[in-house]
Amino acid sequence: MEKKTLVLGVIGSDVHAVGNKILDYSLTNAGFNVVNIGVLSPQEDFINAAIETNADAILVSSLYGHGEIDCRGMREKCDEAGLKDILLYVGGNIVVGKQDWEEVEARFKAMGFDRVYPPGTSVDTAIRDLKEDLGLE
Amino acid sequence: MEKKTLVLGVIGSDVHAVGNKILDYSLTNAGFNVVNIGVLSPQEDFINAAIETNADAILVSSLYGHGEIDCRGMREKCDEAGLKDILLYVGGNIVVGKQDWEEVEARFKAMGFDRVYPPGTSVDTAIRDLKEDLGLE
Amino acid sequence: MELKNKRWTDEEFFKVREEVLSQWPTGKEVDLQEAVDYLKKVPEEKNFAIKLKKAKEEKRTLAQPRAGVALIDDHIELLNYLDKEGGADFLPSTIDSYTRQNRYEECEVGIDESIKAGRSMLNGFPAVNHGIKGCRKVYESVNLPVQARHGTPDSRLLAEIIHAGGWTSNEGGGISYNVPYAKAVPIEKSIRDWQYCDRLVGFYEEQGITLNREPFGPLTGTLVPPSMSNAVGIIEALLAAEQGVKNITVGYGQCGNLVQDVAAVRALEEQTEEYLAEYGYKDMVITTVFHQWMGGFPEDEARAFGVISLGSTAAALSGATKVIVKTPHEAVGIPTKEANAAGIRATKMILNMLEGQRLPDSKALQAEIEIIKAETKCILDKVFELGNGDLAVGTVKAFEQGVLDIPFAPSKYNAGKILPARDNEGCVRYLMTGNIPLSKDLLDFNRARLEERAKFEGREVGFQMTVDDIFAVGKGKLIGRPEGM
Amino acid sequence: MELKNKRWTDEEFFKVREEVLSQWPTGKEVDLQEAVDYLKKVPEEKNFAIKLKKAKEEKRTLAQPRAGVALIDDHIELLNYLDKEGGADFLPSTIDSYTRQNRYEECEVGIDESIKAGRSMLNGFPAVNHGIKGCRKVYESVNLPVQARHGTPDSRLLAEIIHAGGWTSNEGGGISYNVPYAKAVPIEKSIRDWQYCDRLVGFYEEQGITLNREPFGPLTGTLVPPSMSNAVGIIEALLAAEQGVKNITVGYGQCGNLVQDVAAVRALEEQTEEYLAEYGYKDMVITTVFHQWMGGFPEDEARAFGVISLGSTAAALSGATKVIVKTPHEAVGIPTKEANAAGIRATKMILNMLEGQRLPDSKALQAEIEIIKAETKCILDKVFELGNGDLAVGTVKAFEQGVLDIPFAPSKYNAGKILPARDNEGCVRYLMTGNIPLSKDLLDFNRARLEERAKFEGREVGFQMTVDDIFAVGKGKLIGRPEGM
Ligand code: B12
Ligand code: B12
């Protein structure tokens, strides 16, 4: 199978590194070419990495609660940078506190994210969706 | 102070004995003359004991959940037996399950109980109310 | 028929049986041969006795809730909920209070009223009234072994119906389902009636069907010193074994000091096996059950979760085979199915995290085991002596003389002379020893431990300690210290 | 200024201080003499250091939540709720993530947006922006000691403001608030900046005001082997003591095996005291803090209560002076105040029930203490060696060479060569040892314990175990066994 490239990172002032390392390991194992920009990454770093590596998808993690603020305008920035229709996923604990998931998902979809994942999402789910969205298998 | 007489017991097919023993001990200590008919006591036993001892109040415990059924008609039976206006208290876990307390209290008051106590009522509360209702102190 | 600890002859058994089965119409449905055929088809994973044996071999602690409602379909729904949403390993069927008093007419009313009201008007499942068909429907509609849990001094008809109904375990015993659960049932009568229940299980064993029996360890659930409940458990195990029971789960209700709790379970298991071996009972499978705190609970659900979890921890660290689960609604009322499942999930989280972990052996643990065993032996020696070697007779006499004495029990056949209280570490000790035949050393030991607490608290050893201890857990502490300590 | 583990001179301190106080306008409000006068009026029961010392003397374990919101009045309301409805013994003020990165302008925006939105838009309390006045208002409006809890590599201005604001404890350290909390802050820099924070506390001590300092024990909260986090804690305690800190709480994050958890706390306390004595620090008050499970939580609240309760049990049995409380919302998001208080109540129920109880001394416990101490000593010996006797220099080199190495840390100054995994009893061991200087015996021991698990599970020792272990607690188990085991 053709190797698809994913940019992976944790957005904003967020230092939660464990999920990021696990995602890196598991997505690589699943056959993806993973470009991991790590924690504490501003939107620009995701976009620059995606341009440089000609990536097929950007996977944003946000754990610490400021996800909503940190992700605002990301789709627009991608568009401006010429990353037209690049797949944008976001997951982790993307909002502050326990909130109604349907509403949260809708808010992030409205921001232009293709897929939005609740806390506790397994890596398998991410892999399955990536394969579907990237037309693999 | 004049010694007031209380009939104490656990109504119906209920065998919860611990609270009953504690109430007996504490009410006696507080200066009441306690006539304890113990667990597994039908309404008749409460009433007979009250007549025999010329009691000032009847304290019904129900713990096991059938309290509502077991207490039905007790006020009427007291009236019939000539125990006009005798003080009737009930306490323990008087209904099945967690229910709205205001409603439970209203139901038992409608049955003719003068005071209705929620789970976890302290003996001190009972003593205070008895003194008030019996005009002591 | 004179009371003796002796296996009933078939003649005796079948004679009494006729009368038992005629106590209520559903009794007539019980056909032992048909029941044997039915029980032979119970798969291993749905047989209580076999699943317990396996758990013991694998050194795992399994969880069981309490639950029961009036109507069959609702009961099945409840049990399956506790399996699926709670992760229960064993299922109960808690029996309602009228059945416990053999008042089946009132159960009938309760069933009718429940149908009308659309919710359970009984505090449990009236298994006798639902009969074999009802019990089998329950058994067939669930995926786990089912046990009857009740508090019935005379459970003979109930036992006939539930076992023929596919329920492979019955809780109770001649002491443990009388003294805490009745006011005026002679010990002699309840022992005899439970010999019947045990003999029935023995009969099935002889047909190649293993069923589990479980003496009710916690008794009144209220500050029962471990040696007293262990003595009762061992007596009931011996009485059951004599009637042919092979698979027995002896039980203990959490007292709250971790070392004492673990010691109690270990002493119970070891001594039960020792006594059974000493009296010649072979091929016994002895497992243990740990009851999460059986006394008054705190009303607040978060605190209740704390109590539940501490019980699960003690159960796991003691190596008990099974733990009986409380719920966050305990202080208030019969739990909703959601609250019940939540109690199981909290419990299983801890059992899972502690899987394979035990309280390590230590001097402190060994010392407490020795104390409990020594006290238990004092009591049991005297019981045998009183019965001139006959345990059943000895037990009756022991209650008459207060040699066996359960604190706070409602039974008038219980002396009610002993009083327990916690020592300065929270271990339950004998405060007033009544007539229990402890050696001087053990009496001194109990006294010294309580004096230590009294000194710490600046007050006398006395009943006020007991009263304070009864309320303590409900108020958020283990030991009932004076206000402000 | 060259990095050295040496008490800063007043000249050095006050020179740097000028620059620190000018980082944000509120810095100018800090007047040390006025602050000393203010702190002298703090009553004993509101002084963190004194309350901890007392708890240690009374052998009690006290509970502290985490909590913080953007606006002062809301924060006060939250803290008082946790006191009244939760029964907290100590209060926190969790600082927001922008402050942690010294991005005070963004805090200002967060404060404004929070006022507009009517709810907190920051994940903590921006103490620098609120300044001394804000901090004092918090301190004066509550009845318990207050501590700043954060994760700030450069916390100098924050430390100035909170202490002058009446907060008598500060969490953190040059390693523990850098390596798990930053990507690109050199160890050298964060150690120096925390020397400043420690020196500030030392200054107050010299004025007769005792303040508490607490290295952050759990680090990444994810399978950190006890000897690694203990080594870091001891280093930070030594560094703090050198700057004049007297009251230090060393910390440990629950791993999950009860014996290992208790052993870790005991080893930590004993070795910290030993090292402090060895290096000549006198009149130190060393207490311990136990963090309930710091890794991924189960989403289900009942299971979360189980995890919280097991942590409370281990804390109590270890004799830790303080326990940091998680909440039933942990897996999902910042807790409501109700969920936070519920976590405290469950915790305190267990602490109360276990008051005075300890895990009894045993061979198993002693063996684990010995292992942890031996591993810790191997690491510390090498750190001192690398620094030619200077601990600060040694620490920087130790990170360069992977002698100190924190699993899963985001910092690029961390080697990231070691990998942990659980053994067959659930103890956290070194799977890949990278460059940590364990003796051959200890390497063999770690390997053997993991091989035992591998054999039991029928698979190779390897990274998959680590991955499975990371997810295990979230999925309801301690050990990440292969599916279906
Ligand atoms: C110990 C206990 C038992 C022991 C009782 C031993 C004995 N013979 O005494 C055993 C294990 C045998 C037992 C059995 C059963 N129990 Co029970 N038991 C409890 C438990 C845990 C504690 C009760 C107790 O002793 N509390 C301590 C004493 C001091 O407090 P108290 O009884 O509440 O009494 C105090 C106050 O309520 C008040 N008070 C009481 N009455 C009155 C009256 C007046 C007028 C006043 C002013 C005050 C007052 O003053 C007392 C002293 O302060 C409670 C739950 C709880 N509270 O945590 C369940 C509980 C009462 N039991 C319950 C049930 C259902 C049963 C069983 C039917 C079924 C079962 N689960 O096995 C059987 C009942 C058998 C029967 N026929 O009665 C339910 C009742 C449910 C409901 N009402 O919805 C409870 C609430 C548990 C639950 N949540 O399911 N139980
Ligand atoms: C460990 C931990 C820490 C460690 C992190 C160490 C480190 N550097 O990595 C420490 C202790 C340092 C820490 C600090 C803080 N934390 Co923290 N932390 C956690 C905790 C307990 C576990 C996180 C974890 O490692 N999980 C295991 C990994 C494998 O799972 P994961 O991260 O969730 O990732 C998986 C999935 O979510 C998914 N996923 C993740 N991203 C994406 C993206 C895509 C596209 C897809 C498909 C999937 C996906 O796949 C991953 C692998 O399966 C969580 C709570 C929890 N989950 O139980 C809190 C939590 C994330 N932390 C939280 C907070 C608030 C903080 C702090 C701000 C404040 C504080 N409480 O001290 C600081 C943050 C500092 C900062 N600037 O970021 C909050 C966030 C609240 C919110 N969103 O409302 C949480 C939820 C706890 C809580 N309930 O309050 N934390």
Side-chain angles (χ1 to χ4, degrees), chain A residues 8-30 36-42 45 61-72 91-101 103-105 107-108 117-127, chain D residues 69-70 96-103 106 109-110 113 119-124 151 153 178-185 220-223 295-301 327-336 339 406-412 414 416 419 463-464 466-467 470-471 474-475:
Chain A
L8 183 70
V10 186
I11 202 165
S13 296
D14 192 336
V15 302
H16 290 89
V18 183
N20 173 265
K21 287 182 199 239
I22 299 284
L23 283 169
D24 187 344
Y25 169 79
S26 310
L27 292 170
T28 306
N29 257 4
N36 188 357
I37 61 170
V39 303
L40 287 170
S41 298
D45 289 10
S61 291
S62 175
L63 282 300
Y64 72 149
H66 294 180
E68 209 166 336
I69 306 177
D70 295 336
C71 288
R72 272 187 209 148
N93 301 67
I94 57 178
V95 289
V96 177
K98 255 195 180 180
Q99 297 185 24
D100 180 65
W101 178 248
E103 275 175 39
V104 172
E105 188 176 18
R107 284 202 313 263
F108 279 82
Y117 296 93
T121 299
S122 82
V123 190
D124 294 343
T125 309
I127 293 173
Chain D
V69 288
D96 71 288
S97 287
Y98 294 134
T99 300
R100 296 171 185 214
Q101 310 283 332
N102 312 105
R103 286 152 65 171
E106 289 177 50
V109 177
E113 284 204 12
R119 66 190 165 91
S120 183
M121 299 297 281
L122 295 175
N123 60 8
N178 174 354
V179 181
Y181 285 100
K183 189 153 85 171
V185 177
T220 53
T222 306
L223 300 178
F297 252 64
E299 269 181 70
D300 171 59
E301 298 193 13
T327 83
H329 285 183
E330 177 63 15
V332 181
I334 293 189
T336 57
I406 315 297
F408 309 106
S411 171
K412 68 178 185 191
N414 184 65
L419 270 183
F463 184 52
Q464 191 57 44
T466 312
V467 174
I470 286 175
F471 288 115
K475 288 184 179 168

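FYI, side chains are in, hydrogens and waters are out, and symmetry mates aren't considered; it's all heavy atoms of this structure. Not measured: the values here are computed from a predicted model. Protein chains get the first letters and strands the later ones, always in sequence-line order, with residue 1 at the start of each.
Note that CZ of Phe463(D) is 9.0 Å distant from CG of Asn29(A), once rounded to the nearest 0.5 Å. Rounding to the nearest 0.5 angstrom, the gap separating the NZ atom in Lys21(A) from the CD1 atom in Ile470(D) is 10.0 Å.
A side-chain donor-acceptor contact under 3.5 Å links Lys183(D) to the backbone of Val39(A). Remark: the backbone N or O of Lys98(A) is not paired with any side-chain donor or acceptor of His329(D) at under 3.5 angstrom.
Heavy atoms closer than 4.5 Å to chain A are found in the side chain of Phe471(D), but not in its backbone. With a 4.5 angstrom heavy-atom cutoff, Pro335(D) does not touch chain A via any of its atoms. Heavy atoms closer than 4.5 Å to chain D are found in the side chain of Ile69(A), but not in its backbone. Contact annotation for Ile22(A): only side-chain heavy atoms (C-beta onward) come within less than 4.5 Å of a heavy atom of chain D. Neither the backbone nor the side chain of Ala339(D) comes within contact range of chain A, judged by heavy atoms closer than 4.5 Å. Contacts of Pro180(D) with chain A are made by backbone atoms alone, with heavy-atom separations under 4.5 Å and no side-chain atom involved.
Taking every heavy atom of both residues into account, Asn93(A) and Val332(D) meet most closely at ND2-O, 2.8 Å. Scanning both residues, Ala17(A) and Phe408(D), for their nearest heavy atoms gives CB-O, 3.5 Å. Shortest non-hydrogen contact noted between Asn123(D) and Tyr64(A) is ND2-O, 3.1 Å. Nearest heavy atom pair, residue Pro119(A) against residue Glu299(D), reads O-OE2, 3.2 Å.
Counting only heavy atoms from C-beta outward, the side chains of Val15(A) and Arg100(D) never approach each other to under 4.5 Å.
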